[in-house]
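Structure record follows, encoded as structure tokens.
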Amino acid sequence: MMRQIFKLFGIAIAISAIVSCQPGGANGKSSSSSKKSAAEKAYVAPGEYDEYYGFLSGGFSGQVYTYGFPSARLLKIIPVFSQDPQSGYGYSEETKPMLQTSYGFIPWDDLHHPDISQTNGELDGRWIFANGNNTPRIARIDLQDFETQEIIEIPNSAGNHNSAFVTENTEYVVAGTRFGVPIPQKDMPIKDYKGNFKASMTFLSVDEDSGEMDIAFQIRLPGYNYDLAHPGRDKSHGWMFFTTYNTEEAHTLLEVNASKFDKDFITAINWKKAEEYVKEGKGTIEKTRYAHNKYDSQTHTATTEWKDEVLVLDPTELPGIVYFVPSAKSPHGVDVDPTGEYIVSNGKLSANLVVHSFSKIKEAVDNEEFVDEAYGIPILDFDNTLAGIVEQPGIGPLHTEFDERGNAYSTFFISSEIVKWDVKTQEVLDRIDVYYSPGHLSIPGGNSRKPDGKYLLSMNKITKDRYLPVGPEMNQPGQLIDISGDKMEMILDFPMIGEPHYASMIHADKIKDKSRKIYRLASENDHPMVVKSGKDVDITRDGKNVHVKMGMIRSHFNPDNIEGIKVGDKVHFHLTNTEQDFDIPHGFAVMGANNSEILVVPGQTKTLTWEPKEPGIYPFYCTDFCSALHQEMQGYIRVSPEDSDIELSWSLNKNIDG
Ligand code: K7E
Ligand code: CUA
């Protein structure tokens with residue numbers, strides 16, 4: 001016991017020593033490789049557009065942040081697994097079903113990896129898929145609306161971390177479990193974990209036209225811990241690779257007990273083979289329960305569909321689907337180069353990077369060169385699958401991305417740097433300090449067949465002295481690095497929000513021209529409570545439920561005086577913004593509402609529910625400064641006692657008689 005504690009201390013001291021000996025504050029040794037200064041490179045003049053979109057995960061904020069690069073201007077916050085008082089997402093009646101799960105309404109999650117859809121191995125800019133790590137879910141954001149349109153819960157999973165990565169034609173989005181757990185869930189002693197807990201890798205199909213997801217199948221695996229995933233591409237298309245740690249199957253003090261074995265695994269899954277088995281009718285249907293939430297942009301309304309079964313493939317009965325490739329100890333990232341040949345495994349505590357060869361893996365599989373098996377799954381030979389080792393590039397490698405010139409870029413958490421190396425020769429070419437401790441990095445298309453290697457975004461975990469202090473917690477620094485030349489050059493340092501893990505970046509041309517401007521009232525609004533013209537304005541009572549169909553246009557609400565509401569009523573404001581002009585939203589807020597304001601974009605309908613508790617006169621107003629007379633965009637609601645006999649009535653520009 002004593003020895004273990006001492007050992008722990010040793011590790012902690014070693015790590016803190018390495019972290020704290022980094023140079024602080026200003027970086028004096030920035031090398032200017034080109035004629036433009038760093039400031040000029042990151043500068044985007046007023047009125048000009050950025051060249052790239054970057055979609056940064058918010059980690060525990062449950063959101064995605066849209067930035068423009070190279071300026072790092074924040075363009076839009078996209079709520080995903082969160083309630084957002086700005087847009088009303090998760091508060092409006094239409095969007096509440098998006099956050100429904102088998103555990104109930106969950107307005108929070110830990111979002112790590114946004115991944116943009118691909119066609120022929122290139123980013124196509126149609127959708128972003130993102131994972132909810134805590135309550136296993138996958139979301140789809142539409143890049144026409146920049147809104148979350150679908151969230152599907154992942155059953156038989158716990159800690160949905162190796163997600164949401166797409167295959168090169170967006171055939172599948174993968175959702176990999178982090179924790180082993182009993183499947184199906186049950187009450188059992190934790191000490192009996194080993195051999196009894198299980199894990200699931202879930203493959204979700206994606207409809208080519210609508211983007212709609214569906215769970216195609218799950219692969220049941222031993223209950224190790226699985227960390228990250230990336231799809232094969234080009235020559236390795238059809239495969240998916242997952243880092244696998246805690247092959248010791250420890251259930252306590254993992255930092256020691258899951259670091260015993262010299263090697264852990266990359267789990268290589270041949271999903272094309274799995275697909276064949278599915279077509280042959282193989283696999284078992286298991287009973288379960290999960291929510292599938294979809295937003296319909298025609299009715300502006302989300303619905304929850306409850307599903308109760310999932311198709312499970314057992315790789316011990318269906319050979320050829322899963323192989324274990326011994327790899328770096330306690331690996332974190334697994335990254336595949338643009339050719340699909342090199343698979344980089346990043347052992348968190350290691351000073352080397354292990355590079356596997358897909359051709360060699362394939363050959364070993366074809367020749368059945370197995371050295372052992374674990375729970376019935378064949379284990380390949382480490383040396384037989386190795387392409388090479390990047391010797392001593394830094395300490396604590398986490399993630400790697402690629403450019404189109406045959407270079408790889410890896411983050412090193414402990415030695416706080418990014419190292420550039422040659423994928424084929426594994427030779428180190430350049431290195432740059434980042435401040436401090438980078439997690440993921442991102443290059444536009446850097447996890448696709450067609451990288452666009454101009455900029456690299458380093459997402460660092462520790463801030464310390466980078467910015468003016470703001471209390472005990474500092475926003476984490478993002479650092480933009482120009483990688484177009486031989487030497488990497490840091491050009492910008494900016495605070496990010498939440499805890500960004502991965503970000504996906506894409507050239508703006510792939511998105512900007514198809515971005516939605518308005519919902520056409522005539523053809524793109526089938527909401528049952530829509531107000532298309534003044535004659536649709538109406539208020540109806542159904543017992544305690546009062547439905548208000550209200551229009552919004554510069555600069556008034558229709559109606560703006562309402563009487564006959566009583567204490568105990570549930571008032572549903574169905575708000576339609578009847579503007580048909582780009583970028584003219586109206587907001588709605590009523591005094592004492594327990595949810596939020598709501599922002600309605602042109603041609604859209606949204607509903608806010610309000611339950612007045614006391615008699616009185618309640619003002620409501622537009623929250624978004626929409627015209628010179630925005631402050632005139634307001635109204636009153638009269639709330640009477642529960643037993644009052646005042647009739648419902650409403651008006652605009654005339655007195656209510658009563
Ligand atoms: Cu490395 Cu969740 Cu992708 Cu964080 S993970 S850094
Ligand atoms: Cu409408 Cu302000």
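Counting convention: from 1, in listed order, for ligands and their atoms alike. Heads up: numbering here begins at 1 and tracks the sequence.
In this structure, Lys420 is not positioned above the aromatic face of Tyr409 in the sense of NZ or CZ being under 6.0 Å from the six-membered ring centre and within 45° of the axis. No cation-pi contact links Lys329 to Tyr245, judged by a cut-off of 6.0 Å to the six-membered ring centre and 45° from its axis.
If you check each of His113, His332, Lys461 against atom 1 (Cu) of ligand 1, the one with the closest non-hydrogen atom is His332.
Here the N, O or S atom of His440 that is nearest to atom 3 (Cu) of ligand 1 is NE2. The closest approach of Asp624 to atom 2 (Cu) of ligand 2, by N/O/S atoms, is made by O. When the N, O or S atoms of His112 are ranked by distance to atom 2 (Cu) of ligand 1, ND1 comes first.
A distance of 8.5 Å separates OG1 of Thr609 from NE2 of His547, quoted to the nearest 0.5 Å. To the nearest 0.5 Å, atoms NE2 (His399) and CG (Leu228) are separated by 5.5 Å.
Distance check for His399 against atom 3 (Cu) of ligand 1: none of its N/O/S atoms falls below 2.8 Å. One of the N, O or S atoms belonging to His630 lies under 2.8 Å away from atom 2 (Cu) of ligand 2. Note on His161: counted as a metal contact of atom 2 (Cu) of ligand 1, an N/O/S atom lying under 2.8 Å.
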message = Could you go through Tyr67 and Phe494, starting from their C-alpha distance and side-chain angles, then the distance that decides it, and tell me whether this counts as ring pair (Phe, Tyr, Trp, His ring centres under 6.0 Å)?
response = CA-CA 11 Å; Tyr67 283 80; Phe494 67 100; 5.4 Å; yes
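When every heavy atom of Asp264 is checked against every heavy atom of Thr244, the shortest pair comes out as CB-O, 3.0 Å.
Here Leu228 has side-chain heavy atoms under 4.0 Å from ligand 1, and that is the only part of it that gets that close.
For atom 4 (Cu) of ligand 1, the closest non-hydrogen atom of the protein is His501 ND1, 2.0 Å.
Salt bridge status for Asp227 with Arg178: absent, with no side-chain N to carboxylate O gap under 4.0 Å.
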